[in-house]
Amino acid sequence: MQQPQLALLSLLAGLLIGAAVVGLVVAALRARERSRAETNVDVPEGVDAMLEAMDDPAFVCDMSSTVLALSPAAEVFGVHTGEVVASDELKRVARVARDTGAGVAENLRLRRGAAPAEARLVAVRATSISNRLTLVVLRDITERERVEEMRRDFVANTSHELKTPVGAVSLLAEAIESAADDPEQVRHFAARMQAEVARLSALVNRILSLSRLQAAEELRDVRDVSIDEVVTAAVEAHTVQADSAQVVVVRGGTKGLWVRGEPQILTEAVGNLIANAIAYSPQGSKVGVGIKLDVDVVEIAVTDRGIGIPEGDQHRVFERFYRADQARSRRTGGTGLGLSIVKHAVQRHGGEVRLWSRPDRGSTFTIRLPLSETPDLEIVRPKQRRKGRKASAAASVPVKEETE
């Protein structure tokens with residue numbers, strides 16, 4: 001073989017060997033990059049900043065469920081940097097997302113903090129961001145679910161409560177038509193029909209009141225309100241009910257206290273408590289309405305000596321349509337909305353309602369409202385104010401006054 005041919009063969013062999021070496025080097029580099037990517041636990045650039053800006057709880061964990069980065073809100077669920085995720089359910093969701101490479105979304109019950117903290121309903125979404133890292137985002141939907149459940153219950157209960165008087169009116173109308181030749185029966189059925197119509201009207205009015213309290217963003221007619229006038233108006237509105245039930249309403253406590261709010265709403269709230277107390281009190285008993293100043297909080301307590309409420313049911317008394325005694329409510333025409341209206345009315349005024357009750361010993365509902373400074377009414381109309389007080393005292397209903 002000639003010299004030039006040998007040189008060409010040598011060159012060709014060198015090129016082939018060089019290409020093979022380069023291929024091996026490139027393959028090795030790619031394998032190292034793949035291995036590094038598979039074993040890398042560094043959080044990608046920008047993820048920390050994204051988590052810091054998030055309002056929802058979120059965190060990034062590795063294959064051992066160790067938290068590498070998190071948002072500030074994640075710590076309320078017991079998630080901390082450098083620690084293993086405590087919840088087995090969160091571990092499972094993160095593992096499924098990492099193994100499948102697809103997003104996973106589930107609703108879980110998780111505690112905010114250690115037991116006995118209440119379990120919250122949390123929407124969890126996990127997404128794999130690398131072979132070893134998973135991003136988990138949590139959203140607390142407890143309140144949204146509670147509101148939706150309340151809406152469903154409200155619609156169902158309202159439909160049921162409206163069907164009862166409407167059905168009764170329909171049956172009574174048929175009975176009147178059938179007894180057209182009997183005036184006594186007609187008068188009897190007509191009286192019952194009026195009672196059912198009154199019940200239906202009261203139910204509709206209370207539903208409208210409750211809806212207005214829940215829907216309105218702000219109180220409309222806010223001004224300085226005298227607690228003495230509120231209690232007086234509430235008692236006067238239920239004088240007939242008290243006389244019919246042979247119950248005595250006794251008032252007492254501190255006078256001259258003021259709050260900020262809507263007089264009509266506050267009067268209705270106190271009136272609902274008085275109406276309930278009268279309805280659940282035995283004949284010949286007393287219902288107490290007391291006013292007291294507790295530092296900078298005005299307390300209006302309504303006490304009865306009725307059947308009381310079992311401790312297990314006390315957390316439910318402010319629910320819509322809940323009744324402590326179903327049979328008594330049917331007899332008295334109760335709607336089951338009065339205490340719910342009280343709770344929302346007081347909350348709209350920045351206050352709270354407290355309950356003390358024992359079976360067969362009675363109950364005490366206490367409205368607590370922020371104290372307001374007493375307006376200087378004497379500067380505006382001193383004579384009229386004094387006359388107004390005298391006239392009010394003279395025209396007040398026959399209710400006993402006791403000072404505690």
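All values below were derived from every heavy atom in this structure, side-chain atoms included, with hydrogens, water molecules and symmetry-related copies excluded. Model, not experiment: these values are computed from the prediction.
More than 12 non-hydrogen atoms from other residues, nucleotides or ligands lie less than 6.0 angstrom from CZ of Arg98.
The shortest side-chain heavy-atom distance between His80 and Val67 does not fall under the 4.5 Å cut-off. Residues Lys286 and Val249 have side chains not in contact (no heavy-atom distance under 4.5 Å, counting atoms from C-beta outward). Under the 4.5 Å side-chain criterion, counting only non-hydrogen atoms from C-beta, Leu133 is in contact with Leu68. Residues Asn107 and Leu121 form a side-chain contact, since some pair of their non-hydrogen atoms from C-beta on lies under 4.5 Å apart. A heavy-atom distance below 4.5 Å is not found between the side chains of Arg125 and Val104. Looking only at side-chain heavy atoms (C-beta outward), Ile278 and His238 come within less than 4.5 Å of each other.
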List the steps, then state whether side-chain contact (heavy atoms from CB on, under 4.5 Å) holds for Leu266 with Val259.
CA-CA 10 Å; Leu266 292 175; Val259 299; 3.8 Å; yes
Test side-chain contact (heavy atoms from CB on, under 4.5 Å) applied to Ser170 and Val166, step by step:
CA-CA 6 Å; Ser170 177; Val166 169; 5.7 Å; no
Where do Val85 and Phe59 land on the side-chain contact (heavy atoms from CB on, under 4.5 Å) test, with the steps shown first?
CA-CA 10 Å; Val85 177; Phe59 62 90; 3.7 Å; yes
Start with the C-alpha gap between Leu273 and Val342, add the side-chain angles, then the distance that decides, and say whether side-chain contact (heavy atoms from CB on, under 4.5 Å) holds.
CA-CA 8 Å; Leu273 293 183; Val342 172; 4.1 Å; yes
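Closest heavy-atom contact between Trp258 and Ser226: CE3-N, 3.4 Å. Taking every heavy atom of both residues into account, Val247 and Ser281 meet most closely at CG2-CB, 4.1 Å. Ser285 and Pro282 make their closest contact through OG-O, 2.6 Å (heavy atoms, listed as atom of the first residue, atom of the second, distance).
One finds a salt bridge joining Arg354 and Glu352 here, because a Lys/Arg side-chain nitrogen approaches an Asp/Glu carboxylate oxygen to under 4.0 Å. No salt bridge links Asp62 with Arg132; every basic N to acidic carboxylate O contact stays at or beyond 4.0 Å. With respect to Arg92 and Glu106, a salt bridge is recorded, a charged nitrogen being found less than 4.0 Å from a carboxylate O. Using a 4.0 Å cut-off between a side-chain N of Lys or Arg and a carboxylate O of Asp or Glu, Arg139 and Asp56 qualify as a salt bridge.
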